[in-house]
Every structure is written in structure tokens, then in C-alpha cells.
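Worksheet for the structure shown next.
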Amino acid sequence: MNWKRTTYCGKMTNQFLGKEVTLMGWVDRYRDHGGVVFIDLRDREGIAQVVFDPKNIPVDVAGTLRQEWVVAVKGIVRKRPEGMSNKNLPTGDVELEATGLEVLTRAETLPFTMHTDSPTTGEVDEQLRGRYRYLELRRPKLQKNLQIRHEFLRTAREFYSENGFWEIETPILYKSTPEGARDYLVPSRVHPGQFFALPQSPQTLKQLCMIGGLDRYMQVARCFRDEDLRADRQPEFTQVDVEMSFIDEEDIYQLHEQLMARVFKNTHGIEIKTPFRRMPYDEAMRKYGSDKPDLRNSLELVDLTDQGKRSSFQVYQSALSSGGILKALCFEEKETLSRSELDELPKKAASFGAKGITWIRIKSPGDWQSPQAKFFDAALKTEIETKLPFKKQAMVLLVCSTPNIVNNTLGSFRLDFGKRFGYTDESRHEFAWITDFPLFEYNEEDKRFFAAHHPFTCPNPTDLAMFMKSSAKADLEKVRARAYDLVLNGSEIGGGSLRIYDPNVQKRMFEILGFSEEDAKAKFGFFLNALQYGTPPHGGIALGVDRIAMILSGCDAIRDVIAFPKTQKAADLMSEAPSQVDEKQLQELHIRVLPPKL
RNA sequence: GGGGCGGUAGUUAAGUUGGUUAUAACGCUUGCCUGUCACGCAAGAGGCCGCGGGUUCGAGUCCCGUCCGCCCCGCCA
């Protein structure tokens, strides 16, 4: 390579008219007319048209160029002839008249096209794109996504720094923690039979930074969880991890409202209204059946437990008498659901554990079409109708089961039908803080409480006395946490809490979670110790970088905003990791591999 | 761990009730073409129909198993 690049292809606009420039990039397309040859030259910033006139560059040179060859072209920028502009390109008014061409590298025929506007419809198989991820990275869409991700991180770093935060790195090789997700383990060569764990989050470490008097910490932290994947979940992911001393919830809320407003301004030029809505967990579950409600969707669930008890439907009677609830989702049926679509409802409901679903088509007040209509007398029909938002041409879906199943099922239908029938305004960005989460979740299998957020979360002061003294299940279930989630468009993009800073409260927490004193000492001894030496009140939050980047770039999967993502089986198609290792490596690590159970 | 969808030239897709030599478009190769921009025209090459087994005179097509990818439930403090 003998030349110096003078500008990006995508930046070769009018300002370079008449000047000599040197472009370097990939041949996006070539159009060989036998005499004159055109190529579209592509780089990160866009595309420029290069013209090879036979009087400058012989056709038998320019005509050999092929897709994805990497070339350098020197030439003069000139205005395109009258009527030859390309309105689809930012550089479409000009072209580069080549005076010199250097082929830097040739390319084999690609396994799939870089073009998404080619006649081959449909998307290239995701498996193939994964195997050649570096080629998919060449596509403008991926490059745009990664640029937006970068812009988010850049904005965050700048914002926190302005607000007195220090970026502090914490170890990747750390201690395995009980509770929570499965750990990725790293064997120690020096300590036979002992393991590091990759952090699920730097939770204890950032709290120790506060105990260490660093006051305000932030980190762009990689986190690891060995759990099954989803479109919005990867085994390794990135969070902007934050911790602050001497603050309360409002400090966190306001600071992060400012941050998100600046992010949307920087990436989309959009003004985001602050403060964000604050909604207690109970309200979110009641109205939306979800702790991460999509507030772009105007539909709300309606509780009909009382009415259900007075129906003559045996199925409701038995479910409601054993602590179940009955809720309804009601929407105007803007396009009549077919019989087969109605038949699909129970299947989908079953996937959430619901044994059935009732649909009622309210044609006009009192005129119900439903296999279950006979179980509701006229007075009950009227009473139910007064609770519903629509009473004409309305479809009502009812689920009666445990609160969890009812909320999951109808919460999901709310999203589906909200989109389908236009109740969701996707042009909006709806933020909310979900507050007052329960501190504990009771696990029926293990017959014990688990921390709903994590075991360092501060109990609500109103509930503290009960937390310290009572061991009754009914009491502990009621204890609220000083924990909060940041929700955007139905996606949990952040979560945090104020932390326990009183060692006695922390000890009590481990006690409720069923840790013996020895257990607590072995797993968290260093942390309990640290709490004793003067801990400032503190709290923090972690923002999901991947999910935020996904929303900012309008994608449906976080794979699309991660340069080298993993598949649903947590593998890397490109490098074929994970893979077997040499026997020698295993020996050094004191590891023997057992064959998988059949 | 469970449910659903998918896997056919390099790519995207079609392939009927099982039946001649498995189609098309784009890409690729070669030739022609001096203003195209999804350039055009002509010719050509290109197939482990994911893999293994079974049914059958005969399987891309039916059956069983398996691998891989995607979506969801469980799981993700």
C-alpha cells in the first residue's frame, strides 16, 4: 500500500470538488460497460462512485475488479454529468474520476451477499451469517448498530464523569456466589480443585468500593451467567454498573433520567420528557400483568375475581376458592378473530401454565357470544360490562388461575393484541421506574425464601421491624425492598437498589435466606467483615447496555448489537467455541472430564 | 428439561397424491457492450436435497432417530 487515504468514501461530497483524493475500501458493485467501468466503493461511512475512463485506466485492468476486493483509488472529484446524480447516495452528486488504481487484496466469492437490496428476497440464514460474522459486520445495518452502541457508551462515560463518578475496574476472576444464576467457573492451576467464577455482576465489589470511600463508581462491566438464552439474553453481556454513597432513590432516578434524556438526544435527536413515571410493582402487576409493562400499549387488565365467584362456572369456583384470581383483557375486535385463531388461544395460554382460557365476544351490551356465556346471568353480565373499557364489538379474554399464571398469560396476550389491533404506539418511548418490589420470593420446591433482587437489598424502612423480628411466611412475603427497575417500552433496561449498610440487617438477611452462620461466613465472610468498619449508606443501578442499544437501534435481538454474539446454545459459530482442550491442559488444571450422562 | 418453526446449487426460494435428467432468480465463469448506479445482452459451470436408519419396485417428498439454527416456557438473585 503506497498511498495515504485522504477521506472516507461516504464523506466524499461536494466539498472535495476538483480536488485530488485517495479512497480505500471494498468494491460494493462493479458495472463494466466495455469501455467505461464504474465501481461503487464502500467503507464504514458509505459509498462513493468511482469512474474508470479507458483513457486513464485500461479496461483490462478496471474490468477485472470483483465484489469485495479491497482497492485504493486515486483521482479527481468531479460533478456528475447533468441528470446523472444518484439521489439515494449522500455522495450522489459527485464521482471520483480515477487516475490510479491499486488492488490491495482480492476476495473469494462470498458465502452470502453484502447487499440487502438484491433481488434475492428473504434474509440469509442466521447460522451462515454467524459462521461468517466478520462478513455480516461489513453490512451497513450492523455497522450502524455498533455505532449507536458506541454512542451510548460514550455518552454514559462522559455523563458519569461530569457527575463525579470514577471508572473503576473490578476482577473478572472472582469468587463463586451461591444464589442467583449458574456461574461460569475457571479452574485454578495453582490451587488444585479450586475455582474462580466469572462475575454475574460486580455487586459486592462495587459495594466494597463504597466502603472503600470511593464515593461514586461506574464501570462498563462484562457479566456472565450460565443460563439458557433468549433473544434479549446472552451468556455474557454488558452493563453500565453504578454505585453511589450518601444517596436515596430520588438521586438515582433523577440522575438516570438525565442520562437517558441525553442518550436519546445524542443518538436520535429526540427530547425525552422527565421525570419518568414511577409505578409501584403491585400496580404494574395489577394493570399490566408484568413488572416491565410496555406503556406504549393502552390496554389494561381488569380484575374480575369477585364477579367470577358469583358466576356458575365450576372451573372458576374451584380455582378462586384456592387463592386464584380471575382477570380479563378486553379490546375492540377490529378484525374478527377466526375460529382457528380462537382455538389457538388455549394452546398459548397453556404454555404459561394456564389450564384454559375463556373468550367472550360482546356484540352489544348483554349480547354475549361465548361457549361460557351461560354461566353468567344478566345482572352479572351488566356488572362485568361496567368494569370493561369496551362494551360493543369487544373481545374479552379471561384467565382464572394462580396470580402468576393469570398475569403472565394475559400480560402476553396484552402485548400481542395491543400490537395487532393498534393499541400500541411504537413511535413513542415510554420510560417508567417500577418501585416497591417485594424483598423476597418464596420457592415452593426448596421451601425457603430467595432474594427477589439480591441479598444486599435494603428492606423498606416501614417493613424493617417485621423483617428483623418475624419469621412468619405471610409477614416476610409482605416486606418491600428499596429496589427499582428502569423499564423502557416493555423492556427491563436497568435495575438497582439501596443496599443494606447495617451489618445486623445483613446478618438477618442471610438468616432468612437459610444460611447458617458458617455458610454466610464461608461465602460472604469478607463482605460481612467489611460492613463492620464504617459503611456509608449507598445504592446503585446497573443498566443493560445490550438491551438499550437494541432499543436505540430498533432491533429485536441483542445479537444485532453485539459484534460477536453466541447462539442459543451459548456457542460461537465462528470460532467454534467452546471446544475440547489438550489432555495436557486438563492435567495442569487437575481436571478429569467425565462422559456426559446418557 | 419442555413446546413450536426451520435446514434443497455459493445465496434466497419453488418442488403437487412418493414416479423420467431436482427448478427459478441473484451470485460465479467466459464473451460482447463508453454513463451506469439492482447496468444490459449471450453462453456456461455449479447439488451428500443437514446427517443416520427404516418403509417402498422407487424417497427431496412418508416414518423413526439425531445434529444444528431461531422463537417461547422453565431458568435468568
Side-chain angles (χ1 to χ4, degrees), chain A residues 28-41 47-55 59 62-63 66-68 80-89 91-92 95 97 107-132 135 177-183 200-201 203 223-235 237 344 347-354 405 408-409 412 416 437 439-441 443 445 449-457 481 483 492 495 497 509 513 556-557 559 566-569 571 573 576:
Chain A
D28 195 65
R29 284 198 163 89
Y30 60 91
R31 294 178 288 280
D32 178 356
H33 287 257
V36 68
V37 175
F38 299 92
I39 65 167
D40 292 338
L41 197 62
I47 281 175
Q49 174 163 281
V50 179
V51 190
F52 297 98
D53 192 299
K55 70 177 188 280
V59 177
R66 290 296 179 268
Q67 285 196 41
E68 298 305 306
R80 294 197 188 186
E82 200 62 34
M84 297 290 173
S85 293
N86 185 340
K87 295 279 174 281
N88 298 320
L89 290 179
T91 62
E95 62 190 8
E97 185 185 17
E108 295 293 323
T109 302
L110 267 60
F112 59 91
T113 177
M114 297 299 99
H115 303 139
T116 45
D117 59 347
S118 60
T120 38
T121 51
E123 264 198 273
V124 177
D125 180 53
E126 203 158 346
Q127 205 167 347
L128 189 71
R129 286 185 281 146
R131 201 154 50 218
Y132 297 94
L135 293 180
T177 50
E179 309 272 297
R182 227 173 266 122
D183 283 323
Q200 297 175 24
S201 89
Q203 185 57 39
C223 305
F224 306 85
R225 292 176 192 177
D226 188 4
E227 296 294 343
D228 287 339
L229 284 77
R230 288 285 188 284
D232 63 350
R233 256 161 47 189
Q234 284 271 309
F237 59 97
E344 286 296 312
K347 265 192 220 165
K348 171 127 200 243
S351 77
F352 294 96
I405 290 175
N408 287 345
T409 309
S412 171
D416 291 349
F437 278 85
L439 189 62
F440 297 111
E441 273 166 17
N443 183 298
E445 256 175 58
F449 280 106
F450 282 82
H453 184 54
H454 59 55
F456 312 105
T457 305
E492 178 198 330
S497 63
M509 173 61 90
L513 294 177
D556 299 322
R559 286 189 301 280
K566 292 191 171 49
T567 67
Q568 196 159 48
K569 294 192 99 178
L573 289 171
E576 297 182 309

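Computed from a prediction, not measured in an experiment: that's the story for all the values here. A note on names: the letters A, B, ... follow the listed sequences, proteins ahead of strands, and every chain is numbered from 1.
As rounded to the nearest Å, U11(B) and U55(B) have P atoms that lie 33 Å from one another. Between G10(B) and G47(B), the two C1' atoms lie 11 Å apart (nearest whole Å). Going from the P atom of U61(B) to that of G50(B) covers 8 Å, rounded to whole Å. Annotation: G19(B) and G40(B) have their C1' atoms spaced 41 Å apart (nearest Å). Of the C1' atoms belonging to U20(B) and G60(B), the separation is 16 Å, rounded to the nearest Å.
Here the closest non-hydrogen pair linking L229(A) and Q234(A) is CD2-NE2, 3.9 Å. Contact record, R80(A) with T91(A): NH2-O, 4.3 Å, taken as the closest heavy-atom pair.
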note = Given protein heavy atoms under 4.0 Å, the one-letter contact record of nucleotides 71-77 of chain B, with B base, S sugar-phosphate only and - none, is simply BSBBBBB
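When the ring pair (Phe, Tyr, Trp, His ring centres under 6.0 Å) test is applied to F449(A), the partners found at least two apart in sequence or on another chain are F440(A), Y442(A). Under the side chain to side chain contact (heavy atoms under 4.5 Å, CB included) criterion, N88(A) pairs with N86(A), not counting sequence neighbours. In this structure, F52(A) has no ring pair (Phe, Tyr, Trp, His ring centres under 6.0 Å) partners at least two apart in sequence or on a different chain. Applying the salt bridge (Lys or Arg N to Asp or Glu O under 4.0 Å) criterion to R66(A), with sequence neighbours excluded, gives no partner residue. Under the ring pair (Phe, Tyr, Trp, His ring centres under 6.0 Å) criterion, H453(A) pairs with no residue, sequence neighbours left out. For the salt bridge (Lys or Arg N to Asp or Glu O under 4.0 Å) test, residues two or more places apart in sequence or in another chain that qualify with D53(A) are K55(A). For the ring pair (Phe, Tyr, Trp, His ring centres under 6.0 Å) test, no residue two or more places apart in sequence or in another chain qualifies with Y30(A). Partners of R182(A) by salt bridge (Lys or Arg N to Asp or Glu O under 4.0 Å), not counting sequence neighbours, listed by chain and number: E227(A).
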Just the atom pairs and distances: protein N or O near nucleotides 34-36 of chain B's N or O, under 3.5 Å.
residue	atom	partner	partner atom	Å
U34(B)	O4'	V36(A)	N	3.3
G35(B)	O6	R78(A)	NH2	2.6
G35(B)	N1	E95(A)	OE2	2.9
G35(B)	N2	E95(A)	OE1	2.6
G35(B)	N2	E95(A)	OE2	3.1
U36(B)	O4'	H33(A)	NE2	3.3
U36(B)	O2'	H33(A)	NE2	3.4
U36(B)	O2	R31(A)	NE	2.6
U36(B)	O2	R31(A)	NH2	3.3
U36(B)	O2	Q49(A)	OE1	3.4
U36(B)	N3	Q49(A)	OE1	2.8
U36(B)	N3	Q49(A)	NE2	3.0
U36(B)	O4	Q49(A)	NE2	2.7

Show the distances under 3.5 angstrom between N or O atoms of the protein and N or O atoms of nucleotides 3-9 of chain B.
none

Between the protein and nucleotides 28-32 of chain B, are there any N/O to N/O pairs under 3.5 Å, and if so, what are the atom names and distances?
residue	atom	partner	partner atom	Å
U29(B)	OP1	R66(A)	NE	3.4
U29(B)	OP2	R66(A)	NE	3.2

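I47(A) comes within 4.0 angstrom of no nucleic acid atom, judged by non-hydrogen atoms across all strands. Within 4.0 Å (heavy atoms only), K569(A) reaches sugar-phosphate atoms of the nucleic acid but no base atom.
Side chain of R225(A) to main chain of Q200(A): a donor-acceptor pair is present (N/O by atom type, distance under 3.5 Å, no hydrogens or angles).
With 3.5 Å as the limit, one finds no donor-acceptor pair spanning the side chains of R29(A) and Q49(A).
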